[in-house]
Amino acid sequence: MRTAISTLAVRGATTVRQALEILHDEERTPIAGATDLFVALNFGTLTMRRFVDIWNVDELRRIAVDGDTLVIGALATYTDLIRSPMIAARLPMLAEASRLVGGPQIQNRGTIGGNIANASPAGDSLPILSAVDAVVVLRSVTGERRVAFRDFYTGYRESVRRRDELIVAVEIPPVPGRQWFRKVGTRAAQAISKVVIAGVRDGQSLRLALGSVAPTVVRARRAEAALAEGRSIDEAVDALRADITPIDDVRSTADYRHLVSANLVRRFLTETR
Ligand SMILES: Cc1cc2nc3c(=O)[nH]c(=O)nc-3n(C[C@H](O)[C@H](O)[C@H](O)COP(=O)(O)OP(=O)(O)OC[C@H]3O[C@@H](n4cnc5c(N)ncnc54)[C@H](O)[C@@H]3O)c2cc1C
């Protein structure tokens with residue numbers, strides 16, 4: 001089913017306060033860059049017709065360092081992330097991932113907040129946020145709460161975000177160690193991930209997360225533990241098998257995803273040894 005944009009009721013906001021008041025008073029869905037949302041409307045998978053457009057809420061675009069925490073505003077686009085010297089210095093794998101998202105049009109409109117809120121297991125920024133133990137900052141008219149990224153998703157395309165809350169930012173504590181990101185899709189560009197992986201290695205300490213291999217992004221806790229216990233790369237790769245639960249779908253098969261995940265983890269552990 002196709003949806004004519006003219007049938008939609010959109011209210012615009014230019015401040016966070018205004019957007020939150022609208023979300024509090026009326027049942028509306030936020031629109032940021034609309035790159036996921038228009039696809040869902042076009043496919044008829046989104047029935048909501050009332051929206052609040054937050055694209056012009058400039059205060060949500062800020063990328064800053066506060067104390068030792070990197071704070072990325074929810075409306076930071078992939079282009080913002082690619083161009084930011086702070087991202088280059090503190091979280092280069094996020095700039096690298098952003099360069100691989102869609103094409104320039106999507107990079108100019110797609111936001112990190114939209115990627116998080118959309119809650120697709122294939123979202124490319126999500127394994128990075130998981131591997132660096134990010135914190136999602138949610139705000140409503142009644143206040144603000146910070147949710148550890150590991151507790152944010154509750155199931156396939158589900159999260160703890162309430163309908164009246166906006167994601168306003170994501171906070172990244174310092175990331176000691178080597179960062180590593182790989183995305184495997186059908187093509188080198190403009191492809192949804194079949195497997196996406198992000199890792200941070202600091203000696204024997206390993207933080208590793210994968211997307212497109214389970215209903216939500218997953219931390220590879222068993223593989224992490226194997227390495228922390230001093231076991232071999234082969235044993236860590238074996239342990240990974242129990243960390244992920246890939247399925248067969250239109251983009252790939254469970255077997256292929258297991259194989260590629262294992263190969264990527266092996267490569268990560270070898271390259272960062
Ligand atoms: C051609 C194409 C290629 C793509 N390629 C990739 C890719 O390579 N990798 C990838 O990960 N994604 C890709 N995407 C998906 C999409 O671009 C990203 O997920 C993007 O980050 C979504 O951000 P947005 O601002 O456009 O979100 P929107 O479409 O505006 O919103 C998505 C969802 O998030 C909610 N939302 C948005 N912002 C907030 C907020 N601040 N607080 C609460 N809820 C919010 C909306 O209500 C909606 O439910 C692609 C999409 C297209 C159309």
Side-chain angles (χ1 to χ4, degrees), residues 5 8 10-13 15-16 19-20 22-23 27-43 45-62 72-82 94 96-130 136-140 144-145 147 152-153 157-170 181-198 211-212 217 251:
I5 302 296
L8 309 179
V10 182
R11 285 186 65 184
T15 65
V16 174
L20 294 179
I22 294 171
L23 286 175
E27 190 163 332
R28 284 181 183 262
T29 298
I31 305 184
T35 59
D36 274 317
L37 207 129
F38 277 159
V39 172
L41 281 171
N42 215 28
F43 277 103
T45 51
L46 184 69
T47 50
M48 173 58 86
R49 290 290 171 275
R50 294 157 64 79
F51 299 93
V52 53
D53 180 0
I54 60 170
W55 181 254
N56 292 317
V57 182
D58 285 337
E59 59 195 288
L60 293 183
R61 265 202 182 94
R62 205 163 148 257
I72 307 175
L75 280 184
T77 63
Y78 297 105
T79 301
D80 294 331
L81 297 170
I82 292 165
L94 184 59
E96 189 184 341
S98 301
R99 276 184 215 103
L100 299 174
V101 167
Q105 302 90 332
I106 299 296
Q107 290 168 9
N108 286 340
R109 286 290 301 194
T111 64
I112 191 159
N115 205 228
I116 298 168
N118 195 49
S120 160
D124 284 337
S125 73
L126 309 185
I128 295 174
L129 299 176
S130 175
V136 181
V137 186
L138 294 160
R139 202 183 296 167
S140 70
E144 195 167 90
R145 60 184 179 128
V147 179
F152 187 72
Y153 296 112
R157 304 204 83 141
E158 285 174 2
S159 76
V160 298
R161 184 181 81 82
R162 295 194 315 262
R163 192 199 58 72
D164 66 332
E165 286 178 314
L166 274 185
I167 296 172
V168 290
V170 59
F181 174 86
R182 291 290 184 282
K183 165 176 173 170
V184 174
T186 308
R187 302 178 294 258
Q190 295 277 22
I192 300 176
S193 299
K194 293 181 182 194
V195 176
V196 53
I197 177 171
S212 286
V217 60
R251 288 198 300 280

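Both counts, for ligands and for their atoms, begin at 1 and track the order of listing. Computed from a predicted structure; not experimentally measured.
By the 3.5 Å distance cut-off applied to N or O atoms, Ile54 is not counted among the residues near ligand 1. Any N or O atom pair closer than 3.5 Å counts here, and Ser125 shares no such pair with ligand 1. When only interatomic distances are considered, the shortest N/O to N/O separation between Asp124 and ligand 1 falls below 3.5 Å. For ligand 1, the polar-atom distance check against Ile106 finds no nitrogen or oxygen pair separated by under 3.5 Å.
The shell of residues lying under 4.0 angstrom from ligand 1, judged by heavy atoms, includes Lys183. Contact analysis leaves Phe38 out of contact with ligand 1, as no non-hydrogen atom separation drops below 4.0 angstrom. The closest approach between Leu126 and ligand 1 stays at or above 4.0 Å for every heavy atom of the residue. The shortest separation from a heavy atom of Leu100 to ligand 1 is under 4.0 Å, placing the residue in contact.
Those atoms of ligand 1 that come under 4.0 Å of a heavy atom in Thr29, given as number and element, are 47 (O). The atoms of ligand 1 that sit less than 4.0 Å from any heavy atom of Gly102 are 3 (C), 5 (N), 6 (C), 7 (C), 8 (O). Within the listing of ligand 1, atoms 41 (N) sit less than 4.0 angstrom from a heavy atom of Ala74. Listed by number with element, the atoms of ligand 1 under 4.0 angstrom from any heavy atom of Gly33 are 24 (P), 25 (O), 26 (O), 30 (O). Against a heavy-atom cut-off of under 4.0 Å, Ala34 is close to the following atoms of ligand 1: 24 (P), 26 (O), 28 (P), 29 (O), 30 (O). For ligand 1 and Ala32, the ligand atoms under 4.0 Å from any heavy atom of the residue are 25 (O), 30 (O), 37 (C), 38 (N). Near Arg161, meaning under 4.0 Å from any of its heavy atoms, are these atoms of ligand 1: 43 (C), 44 (N). Here is the list of ligand 1 atoms found below 4.0 Å of a heavy atom in Val39: 53 (C).
Of the listed options Val170, Ile116, Val101, Leu23, Val101 places a heavy atom closest to atom 6 (C) of ligand 1. Of the listed options Ala97, Ala117, Ala76, Ala117 places a heavy atom closest to atom 34 (O) of ligand 1. Comparing heavy-atom distances from atom 49 (O) of ligand 1 across Ile31, Leu37, Leu60 singles out Leu37 as nearest.
Checking side-chain atoms of Lys183 against main-chain N and O of Leu100 turns up a donor-acceptor pair under 3.5 Å. For the pair Asp36 (side chain) and Asn118 (backbone), a donor-acceptor distance under 3.5 Å is absent.
When all heavy atoms are compared, the tightest approach of Gly33 to Thr111 is N-CG2, 4.3 Å. Heavy-atom minimum distance, Leu75 versus Arg61: O-NE, 3.7 Å. When all heavy atoms of Gly12 and Ile22 are compared, the closest pair comes out as O-CD1, 4.2 Å.
Within 6.0 Å of CZ in Arg62 there are 12 or fewer heavy atoms belonging to other residues, nucleotides or ligands.
A heavy-atom distance below 4.5 Å is found between the side chains of Ile72 and Leu94. Taking 4.5 Å as the limit, every side-chain heavy atom of Ser140 sits out of range of all side-chain heavy atoms of Leu23. Residues Phe51 and Leu46 have side chains in contact (heavy-atom distance under 4.5 Å, counting atoms from C-beta outward). For the pair Phe152 and Leu129, the minimum side-chain heavy-atom distance is 4.5 Å or more. You'll find the side chain of Thr77 stays beyond 4.5 Å of the side chain of Asn108, heavy atoms only.
Contacts with ligand 1 closer than 4.0 Å are made by no heavy atom of Leu75, backbone or side chain.
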- Message: Run Ser212 and Lys194 through side chain to side chain contact (heavy atoms under 4.5 Å, CB included) and show every step you take.
- Response: CA-CA 6 Å; Ser212 286; Lys194 293 181 182 194; 5.8 Å; no
